[in-house]
Amino acid sequence: MKWDMMDFFFPMRHFLSECLQHHILPLWCPYVFLGNPFYADPQSGLWYLVDVMIAATVGYNIYTVQAEFIFHLLLAAFGFYKLMCTLRLPEKSAAVVAALFPLTGFFVAHASHPAFIVSLAWMPLTFHLFIRGMEEKRISKFLLSGLTLSLCLTGGYVAFAVLSGYALLAIYIYFQYKHRKDTGYFLQTTLYSFLALIVTVALSSAYLFSLLEALPSLKRAEGLSVAVVNVNSFSPQSLLTLLLPFAGDAHHAFFETDVTMRNIYMGFLLFPLLLIGVLWGNRKRNLALFAIGLFCLSIALGKYLPVREWLYYTVPFMKLFRHPAIFRVFTISSFLLIAADGLGILFQSDSLKQKKILILTLLGELLVIIAVAAVALRHTGMSFSFPDFVSVQSVSDFNHQGSLSSHILVQAIIQGIMIALSLAVFSIVKRKKLALFVAAFWLLDMLIATQMNVPGTVISTVPASEFNKKCNQLPKGFPVPGNAAIETYNQYGGKALEPLVYNASMLRKEPCSDGFNPFYLKQFANFSNSPLANKTLKHSMAFVSDDLKPLSQLEEDLKSGTVDSNSLYTDQAIPATVAGNVISKVSVQTFEPGNVVVETETDKPAFLTLLQSNYPGWSAAIDGLAAPIMTTNYTFMTIALPRGKHQVSFVFSPPHFYSVAGLQLFSYVAMGFALILLRRRERVN
């Protein structure tokens, strides 16, 4: 695996696993941004049932990360199959398209974004269960839809949970309109829908409470500008991947967006099956799906169209997330549903008209590919070679060194051969067997496209076994950090931890003032952007000082040049100051997540500072007696220290944590009993 999967997901899950395996609640992560409330991070995995089960049992390593990724791909295929069956699509075509769903461009491009994959694993099941509930008026379906939506929320990307909520509201309105003359239906399904919402909130209660509690302290909670929201739009140039997905792997500015945001491939057989689905399938439903797909594509285009900006200003929660390109997954889903209907028609019918549409559309695609290849050939000539698609290194080198034109030509040749071969087969095969061959070619095409693209966006050139050996050499447990100054730029793991680039400090168990995570505190941002940062971080984790002044004096001291590494500033009441030249000894004895013990010895009263961000839930004690904590230099914890030898402990225990955690756990237990009882009652009925 590579990129965010290794830089973010793996260190976070490894930390979660280390804590649980050592019987420590992972409430606080001390290793990035000099301390963060891990339990409140929406992507920590602490509140996602699947991650907790893995972390608490087998633990996380590179192999369990890969296994979890594959599990969610299979779950996405299963959920999409169930959704298609609920929409009354033929089972054969539903099975084929379900197998294709995890091979589409969105999954291939975003394999490095596990939160996206988790969301897409649970969303189809949520829609399937909610639709079944609205159709059958069965409370168990509504409760299960609440369960799957909570899993989508706690384990996935929050934007998809928000979008799922809007989609479920649209489904609810559709069914209420359909049964608008049935008052009993309205009352019953409204009650059940409300219960589903309660289940979602209850099963996500600790997650939601922790996040809402943290929002006032978060930099991200200030909201994003339109320009930031439109970062990573799906550019019009990226539509090239509708026919030539390997072109999107080229490291080229032509696409004007990140390589993970380009791929929208659904197979070259999508277009004829779309036509067949619209012309001979459930036209009303398929035209509605086509309109939804185009609308979502217009949102995905982000800065290139005003639609995403309109949503930003008019629809709640649309200011909180970036990456308009993620909306293309709804385009992919809508178009696949229509194409599944088209494939089902081929299975059920042997009309010559449908065969003609199939062949003519493929001929048109072939002509387009030839035209694009001709343009690319003019820029490249014949000075290009095919990468070895069996070797990850070969394709990786080609992606970095090959031009966009060479990518287009490689894909065009392969795609041209595939389409020409399919045309030859479709022309001679009997119409009764046409659907079977169409399904086979569609699957083959998607497998080839995936094999071509995974070295670019999924697989690292470093073998899993080699990375696992590196991880086995890392510190176990939570060792006390050394006396060296805090590392200020620890993003790069270097050769020692390839392919991991960022957040290496979480694996090396070394506190760092840097990190790769959008979840960080405003107060830490204020510190890191201040002139105090370079001076304060010359210390190790804990230090003693006698220089504590009002924050209002900082600017004056900066002008006079009296600020040094021992300077502390606070906007709180300052205890009685002491004379300078304190002689001190400081030794960190315990350094666990949320539990730090420091032994000190000073010849006079002073101030002890722990370079961890002060966040609601921290408490301090000197020799077992509570000591008030001051916030200094915008973010750190400082206490007044009496002279002599002392043991100082800092403990993080956020208020209400155990209450909301118990509520979420109780909700899972209650949900299990409720489903068992409902299942028995349904069997009796």
Side-chain angles (χ1 to χ4, degrees), residues 47-50 53 75-76 78-89 91 94 98 118-156 160-209 285 333 337 660-685:
W47 305 117
Y48 181 45
L49 190 60
V50 175
M53 290 174 64
L75 185 62
F78 173 74
F80 205 63
Y81 171 77
K82 297 296 289 184
L83 177 61
M84 286 186 285
C85 291
T86 296
L87 295 175
R88 309 294 187 270
L89 290 166
E91 286 192 12
V118 171
S119 296
L120 268 294
W122 295 110
M123 278 173 58
L125 272 176
T126 301
F127 298 150
H128 149 70
L129 290 164
F130 190 75
I131 293 171
R132 287 285 298 275
M134 294 296 290
E135 288 177 341
E136 302 171 7
K137 297 183 289 185
R138 289 172 60 187
I139 188 173
S140 61
K141 299 297 182 185
F142 285 94
L143 296 182
L144 283 169
S145 70
L147 169 63
T148 53
L149 183 58
S150 72
L151 293 168
C152 176
L153 175 62
T154 56
F160 284 110
V162 171
L163 297 174
S164 295
Y166 284 123
L168 292 172
L169 178 61
I171 293 169
Y172 169 83
I173 293 172
Y174 166 77
F175 275 99
Q176 296 302 346
Y177 177 78
K178 186 178 178 182
H179 298 87
R180 57 190 177 277
K181 296 181 181 179
D182 188 344
T183 305
Y185 177 87
F186 169 78
L187 293 174
Q188 187 174 9
T189 54
T190 300
L191 174 61
Y192 289 171
S193 298
F194 184 66
L195 285 175
L197 177 61
I198 291 176
V199 166
T200 302
V201 173
L203 295 178
S204 313
S205 53
Y207 168 93
L208 291 170
F209 181 87
R285 180 190 64 200
S333 302
L337 291 173
V660 293
L663 175 60
Q664 184 162 319
L665 178 61
F666 172 78
S667 299
Y668 271 109
V669 175
M671 178 71 174
F673 278 114
L675 289 174
I676 292 171
L677 292 174
L678 286 170
R679 185 69 173 171
R680 287 180 178 176
R681 192 181 74 174
E682 288 171 358
R683 285 179 178 175
V684 171
N685 291 339

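Judged by distance alone, the side chain of H179 and the main-chain N or O of F175 form a donor-acceptor pair under 3.5 Å. Side-chain atoms of Y185 come within 3.5 Å of backbone N or O of M134 as a donor-acceptor pair.
The only member of L83, T148, L144 that meets side chain to side chain contact (heavy atoms under 4.5 Å, CB included) when paired with L125 is T148.
Remark: Q664 CD to S150 OG distance equals 7.5 Å, nearest 0.5 Å. Interatomic distance, I676 CD1 to R681 CZ, rounded to the nearest 0.5 Å: 15.0 Å. Distance CG/L665 to CH2/W47: 10.0 Å, rounded to 0.5 Å. Here the straight-line distance linking atom OG1 of T200 with atom CG of L149 works out to 4.5 Å at 0.5 Å rounding. From L147, atom CG reaches atom OG of S204 across 9.5 Å, with rounding to the nearest 0.5 Å. Between F127 atom CZ and S145 atom OG the span is 10.5 Å, to the nearest 0.5 Å.
In this structure the side chain of S193 reaches within 4.5 angstrom of the side chain of F142, judged on heavy atoms. Here the side chains of L153 and F160 are not in contact, with every heavy-atom distance at 4.5 Å or above. L49 has its side chain out of reach of T154: every pair of non-hydrogen atoms, C-beta onward, lies at least 4.5 Å apart. In this structure, Y81 and E91 have side chains that are in contact, with non-hydrogen atoms separated by less than 4.5 Å. I131 places a side-chain heavy atom less than 4.5 Å from the side chain of L87. Between L89 and R285, some side-chain heavy-atom pair lies under the 4.5 Å cut-off. Between C152 and V118, the closest side-chain pair of non-hydrogen atoms is not below 4.5 Å. Taking 4.5 Å as the limit, some side-chain heavy atom of L675 sits within range of a side-chain heavy atom of M671.
Closest non-hydrogen pair, L129 versus K141, comes out as O-CB, 3.5 Å. The two atoms that bring V199 and G146 nearest to each other are CG1-C, 3.9 Å, heavy atoms only. Across F80 and A98, no two heavy atoms sit closer than the pair CD2-CA, 4.4 Å.
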* Give the intermediate values and the outcome of side chain to side chain contact (heavy atoms under 4.5 Å, CB included) for residues Q176 and I171. => CA-CA 9 Å; Q176 296 302 346; I171 293 169; over 6 Å; no
* Take M123 and S333 through the side chain to side chain contact (heavy atoms under 4.5 Å, CB included) test and state the conclusion after the steps. => CA-CA 11 Å; M123 278 173 58; S333 302; over 6 Å; no
* Could you walk me through whether T190 and Y172 pass the side-chain hydrogen bond (donor to acceptor under 3.5 Å, both in side chains) check? -> CA-CA 8 Å; T190 300; Y172 169 83; 2.7 Å; yes
* To do: Give the intermediate values and the outcome of side chain to side chain contact (heavy atoms under 4.5 Å, CB included) for residues S205 and L663.
  => CA-CA 7 Å; S205 53; L663 175 60; 3.7 Å; yes
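Other residues, nucleotides and ligands contribute over 12 non-hydrogen atoms within 6.0 Å of the OH atom of Y166. Other residues, nucleotides and ligands place more than 12 heavy atoms under 6.0 Å from the OH atom of Y668.
The pair R88-E135 meets the salt-bridge criterion, since a charged nitrogen lies less than 4.0 angstrom from a carboxylate oxygen.
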